[in-house]
Amino acid sequence: MNTLKKYGLLTTLFMLKRKIKNLKSNYDNYLKNEDANTFDLPPLKNKPLISVILYADRDITSCLNSVKNQTNYDNFEIIVVSPKAIKCEGTLLIIDYDSDKNKAFKTGLKAAKGDYVCFCDSSITLAPYAFYYMARQLIYNDYDIIYSDEDVIDNGTRTNPFFKPSWSPDTLRSFNYIGFALIKKSLIRNFTDCYTLFKELSYENINVSNVEKILVHTSNYSREETPAESYGGNALISIIIPSKDNYSVLKRCIDSIREKTLYKNYEIIVVDNGSSESIKDDIKKLADKYIYDKYDFNFSLMCNTGALNSKGEFLLFLNDDTEIVSPDWLTLMTACADKPLSGAVGCKLLYPNTDKIQHCGIINIQNGPVHCFQGYDTNDSLYFGRNKYNYNYSSVTGACLLIKRDRFKGFDENFPVAYNDVDLCLTLVEKGYYNTVVNSVKIYH
C-alpha cells in the first residue's frame, strides 16, 4: 500500500491520460487552452540538428510548410525523397526511382546529418512548436526517442485525439502506437522500416520520452500491427489456485484447464485453507498437488504457500471461479512473461457467458485502482486497441496473473483480500519491469 500512496495518479505509467467519457467536450476545452500555453516560450540552449526525411509521392505542401514554419526552433534540415521530379525550394531533394516508401526513407537516411532523424509523408503535419517541445525534453534526459500525442484532421476539423501511453514496449510490439518521433540517428544501424526499427529498439535499454502534448496531426490514422506471439519453449508452469468449500466451481475451473489447454507442461496446485472434511478427498483428486491447512482467508498467504510448494519456472495464480475460454492461453501469456523486462502478465476477463469485459487492465484514479473498460463489449475497439492488443498497464488482476519465478518476491500478506495484486504490480514497475494484459486471451470470471 505504501507504493500506492507514494505514486498516486502517477503510479500508472500506462494509464489513459484523459477520461473516455465526455471526450469530445474535454477535447474542445483542450483545444481552447492549447494556444494559451505556447506564448513567451523561453529559448533553448541545446538545439540538436534534426533531419526531417520526407517522402513525396504526392502533394506534400502542407507537411513541408508545417516543418518550415516551426517556431522557436531553426536547427533542422529537410530531405525530400521523391520517386518523381517535384518542386521543393529550400530543401535537399533526392530523386529516388524506387517508389517504395521505406526504401526511400533509407535513401534519405544516408544523406541525413542530424543528431536526430524523423520520418514523415504527406499524411502528417506538425504543430508549429513541435520541435521546440520535443527538443526541450533533452533538458531532463538524453533521450533516444521522443514522441508525442496526436490527433486527426478531418475536413479541417481536429478530432479523434490519441493521448498516448508512456513508453510501453509490449504495446509497441503489438502495434505502432508511437508513429511520428525523433530518433537518435546513432541508434539506427539497419533500417528496414519505421515499425521494425521501433520493435528492434523495444528490446534495448533506451531512454524514451512522451511529450504530453498534441504535436502531430494526421489525415489518415492507421498503424502497423503484429499478431500476439506464442511461447516456443517447454518450461513447467505451476498453476496455483486458492480455494475453500467450493468444489463444484473449482472442478469446472480445473476441468476447463485440462480439457482446453493446448500447452501440456503444467502442474495444478490447489491451496485449501479449510474445506469441510466431506469434500477434501474429492478436491484432492482434482489437483496434481493439494495443500490443506485451516486458517482465516488470506489470498496472499495462500498464493505464497502455493509458490513455495511449486516447481515451475513460471507461476500462474488463478481464481477458482474462472473458466478457460482460449485454448492457447498459456502459450500466449508465457511468450509475454518470458521477455527480459516483463513483470506480471494478465489477460482479458469476461463476465460468464457474455462478451462483457470485467477486466483488461487496472488503472489508478483519484479514488484508487479500478478495472479498465469494465462492462464494455469486448468486440468493440476501445481507445486505440486497449482491449485488443497486448497492452502495458500499471497493474493486472490476481484473478489470473502469470509471472516468471525469479521475478516473483511474494504477495504482501498484509493485504489478505484486496490490493495484493496491485501492490505486487507496482513493486515490479518500481524495479523497471512492465506489466502486460494479453487481450487475445479470454477467460470467464
Side-chain angles (χ1 to χ4, degrees), residues 10 13 17 33-55 63-81 90-92 105-106 108-121 124-151 162-169 172 176-191 194 197-198 200-218 432:
L10 297 179
L13 300 179
K17 297 177 185 173
N33 296 325
E34 184 181 50
D35 291 337
N37 297 323
T38 61
F39 296 116
D40 300 322
L41 297 175
L44 296 177
K45 294 182 179 180
N46 179 20
K47 290 184 178 181
L49 177 63
I50 297 173
S51 295
V52 183
I53 303 173
L54 175 53
Y55 176 64
C63 178
L64 188 59
N65 287 341
S66 74
V67 176
K68 287 182 175 181
N69 296 329
Q70 288 293 298
T71 60
N72 287 41
Y73 206 93
D74 53 10
N75 194 24
F76 58 85
E77 62 175 3
I78 304 173
I79 302 169
V80 177
V81 187
T91 67
L92 173 61
F105 280 156
K106 191 172 184 178
L109 189 59
K110 293 176 182 177
K113 299 176 181 178
D115 304 294
Y116 288 84
V117 298
C118 56
F119 303 94
C120 53
D121 59 27
I124 291 174
T125 56
L126 302 181
Y129 36 81
F131 286 165
Y132 174 88
Y133 277 113
M134 292 176 121
R136 192 175 72 166
Q137 296 300 101
L138 299 174
I139 297 172
Y140 311 108
N141 205 324
D142 182 26
Y143 288 110
D144 299 307
I145 298 176
I146 305 170
Y147 64 99
S148 74
D149 300 333
E150 67 181 81
D151 62 9
F162 185 9
F163 296 103
K164 299 177 184 177
S166 299
W167 178 236
S168 306
L172 182 58
N176 183 8
Y177 79 88
I178 287 183
F180 179 86
L182 301 187
I183 308 166
K184 190 175 285 186
K185 187 173 185 288
S186 59
L187 287 177
I188 307 175
R189 293 176 284 275
N190 296 302
F191 181 86
C194 294
L197 173 64
F198 285 142
E200 290 171 350
L201 293 176
S202 74
Y203 291 100
E204 298 189 17
N205 184 20
I206 58 175
N207 290 321
V208 184
S209 174
N210 173 26
V211 183
E212 296 185 5
K213 286 181 175 293
I214 293 177
L215 304 178
V216 180
H217 316 297
T218 179

* Please test V80 against V52 for side chain to side chain contact (heavy atoms under 4.5 Å, CB included), starting from the C-alpha separation and ending with a verdict. => CA-CA 8 Å; V80 177; V52 183; over 6 Å; no
* To do: Give the ring-plane orientation class for F180 versus F131, where under 30° counts as parallel, over 60° as perpendicular and anything between as tilted.
  =>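 Rings of F180 and F131: parallel, as their planes differ by under 30°.
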* Asked: Quick one: do R189 and E204 make a salt bridge, cutoff under 4.0 Å?
  ->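 Looking at R189 and E204, the cut-off is met.
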* Sequence-distant partners of Y73, side chain to side chain donor-acceptor pair (under 3.5 Å), two or more places apart ->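 Partners of Y73 under the side chain to side chain donor-acceptor pair (under 3.5 Å) test: none.
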* Asked: With N176, which residues qualify under side chain to side chain donor-acceptor pair (under 3.5 Å), at least two apart?
  ->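 If we apply the side chain to side chain donor-acceptor pair (under 3.5 Å) test to N176, skipping adjacent residues, the hits are E224.
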* Polar side-chain atom of D149 near backbone of K164 as donor-acceptor pair, under 3.5 Å ->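 It does hold such a pair.
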* Asked: Knowing that exactly one of T125, V216, I124 qualifies, which makes a side-chain contact (heavy atoms from CB on, under 4.5 Å) with S66?
  ->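 Single side-chain contact (heavy atoms from CB on, under 4.5 Å) partner of S66 among T125, V216, I124: T125.
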Could you measure the distance from the [atom1] atom of [X] to the [atom2] atom of [Y]? Nearest 0.5 Å is fine.
| X | Y | atom1 | atom2 | answer |
| --- | --- | --- | --- | --- |
| I53 | E77 | CD1 | CD | 8.5 Å |
| T91 | L54 | OG1 | CG | 8.5 Å |
| L64 | L126 | CG | CG | 10.5 Å |

* To do: Could you walk me through whether V211 and R136 pass side chain to side chain contact (heavy atoms under 4.5 Å, CB included), step by step?
  => CA-CA 9 Å; V211 183; R136 192 175 72 166; over 6 Å; no
Could you list the donor-acceptor pairs under 3.5 angstrom formed by side chains in residues 109-119, with sequence neighbours left out?
from: D115; atom 1: OD2; to: L49; atom 2: N; distance (Å): 3.0
from: Y116; atom 1: OH; to: Y143; atom 2: O; distance (Å): 2.6

* Asked: Would W167 and L172 satisfy side chain to side chain contact (heavy atoms under 4.5 Å, CB included), going step by step from the backbone distance to the final call?
  -> CA-CA 8 Å; W167 178 236; L172 182 58; 3.7 Å; yes
* Asked: For N69, does the CG atom sit with more than 12 other heavy atoms under 6.0 Å from it, leaving out its own atoms?
  ->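 Yes, the 6.0 Å shell around CG holds more than 12 heavy atoms from other groups.
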* To do: Applying side chain to side chain contact (heavy atoms under 4.5 Å, CB included), run through L215 and Y132 and close with a yes or a no.
  => CA-CA 10 Å; L215 304 178; Y132 174 88; over 6 Å; no
* Decide yes or no on ring pair (Phe, Tyr, Trp, His ring centres under 6.0 Å) for Y177 and Y147, but give the supporting numbers first. => CA-CA 10 Å; Y177 79 88; Y147 64 99; 5.7 Å; yes
